[in-house]
Amino acid sequence: MARFLAYFSLLFLISSLNLSSRVDSLGFHHARIESSSSYLTKDEHWFNQQLDHFSPTDHRQFKQRYFEFFDYYRADGPIFFRICGESACDGITNDYTAVLAKKFGAALVSLEHRYYGKSSPFKDLTTENLRYLSSKQALFDLAVFRQYYQGILNEKYNISSGDSSWFSFGVSYPGALSAWYRLKFPHLTCGSLASSAVVQAVYNFTDFDKQIGESAGPECKAVLQEVTNIVDRQLESNNQNIKSLFGAATLKIDGDFLYLLADAAAIAFQYGNPDVLCNPLVDAKKNSQDTVEQFARYVKEYYIGTFGVSVSTYDQHYLKNTTPDETDARLWWYQVCTEVAYFQVAPQNDSVRSEQIDSRYHLDLCKNVFGEGVYPEVDMTNIYYGGSKIHGSRIIFTNGSQDPWRHASKQTSSDTMPSYLIKCHNCGHGTDLRGCPQVPLNIEGNASNCTSPDAVKKVRQQIIDNMDLWLSECKSEATGGDESNWFRSGLRLAYSA
């Protein structure tokens, strides 16, 4: 009876989740959330962007999509620059930034990341054509677009004395871009909010799996480890049977299949839905039921079904697909394999995921999908940006206590760069802006379903206090000198950094 209660509890929870909008996950897989109120706007605008910001002779351009929202804008108000990341950017989401925009009388502007969504420079995304896909190129996209858009504002609102005050926002990889944008272009933004910002590039990211175990708690962790061990054994004897049980018979490479299972478990803690995974699993164990079958049910009905992940995105053969619109996973893997890594390998001891998910699996994937010579320059990325020792100013870092990605963020405060940890049972990726759970979308980042709404409220007030101070300082600071010369000087500094 308990088995059926757990099953129907899972079905009820799944049916209550109205998934519809893309959420940057850093796990290469994105949920969709269907709701007319999920976006403040989906009206598209276009901008001609430079393809290669680092070549003095390559003048090719591509069309980059952006969005704008002025319903809360007050004359002389700030511009909130909402940074998009490793998925299609289909509009400006109606999360807690909307609340902040109302409070500060701000306009919201969002630029789609190059290559993703409708902002692809090429029709064929071969490895050769992906060479312009990097965080460095993306940061210059933001800077050049910012100047272009400021010109539009100046003309539209007859702004003649100085610029508007810009403030950047991002969650996850866009959170890192938000921090790096402030770091490299401090003259173009008053400050930044870097939510769950993965600023530390990591080669072997063992802390990711360790946090999954910690967030799961002793009982759930033990069951997940038991499931992993059983699946590993069954792969040796009944390879196709065990893959079919999880609806993943098409995954020929065992590592791809095991990565799917590891991600499926991780997503529950990353996005604030731990009970969807753990309660049925622990109940199954207590009632001497088949824990592998219970986990398979979760993977098929929640991760693949409700969350909307396609099994094919774990298939290395699929990742070789160079056709736009089908390649979000390929695009992010390219950034992983060349720039940031985040190889989610199993720790040497007490791992939750299979030990077969090691650095060799990841390196083989990079080689198989992108060819010889592709290797993640993690050390160079950290040298360029500073990693978790980033030396910037007016950057707010926030993280959720249960989020495995927080170990790639800046978790200690330093001068004019405060770091806040939001602690609660379902506080995961981007809790400050998304509320709880983090998927599906909570309108205006509603935090009432967080196990500790006060913890979220406290950090949000700290965010507001910092923003209020910094925006006031920026408004009172003299712009000084000719703006165009100021911008060009700033670009030279950023290029030489």
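Residue indices begin at 1 and follow the sequence shown.
- Relative to the ring axis of Tyr420, Lys458 does not place its NZ or CZ within 45° and under 6.0 Å from the centre.
- A tilted orientation is assigned to the rings of Phe145 and Tyr148, their planes being inclined by 30° to 60°.
- A side-chain donor-acceptor contact under 3.5 Å links Asn426 to the backbone of Thr451.
- The sulfur atoms (SG) of Cys190 and Cys474 lie less than 2.5 Å from each other.
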Check the pair Phe167, Phe169 against ring pair (Phe, Tyr, Trp, His ring centres under 6.0 Å), reporting the backbone distance first and the verdict last. CA-CA 7 Å; Phe167 205 99; Phe169 296 80; 5.5 Å; yes
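- With hydrogens and angles disregarded, a donor-acceptor distance shorter than 3.5 Å links the side chain of Arg182 to the backbone of Thr189.
- In this structure, Cys337 and Cys366 have their SG atoms less than 2.5 Å from one another.
- Using cut-offs of 30° and 60° on the angle between ring planes, the pair Phe185 and His187 is tilted.
- Ring centroids of His362 and Tyr259 are separated by less than 6.0 Å, placing the two rings close together.
- For the cysteine pair Cys424 and Cys436, the distance separating the two SG atoms is not below 2.5 Å.
- Cation-pi contact between Lys136 and Tyr384: present, with separation from the ring centre below 6.0 Å and deviation from the ring axis of at most 45°.
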Is there a ring pair (Phe, Tyr, Trp, His ring centres under 6.0 Å) between Trp332 and Tyr116? Walk through the geometry before answering. CA-CA 9 Å; Trp332 179 243; Tyr116 293 92; 7.4 Å; no
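- Classification of Asp432 and Lys457 as a salt-bridged pair fails, no side-chain N sitting under 4.0 Å from a carboxylate O.
- A salt bridge is absent between Arg460 and Asp465: the closest approach of a Lys/Arg side-chain nitrogen to an acidic carboxylate oxygen does not fall below 4.0 angstrom.
- At least one cation-pi condition fails for Lys103 and Tyr72: the charged atom is not both under 6.0 angstrom from the six-membered ring centre and inside a 45 degree cone around its axis.
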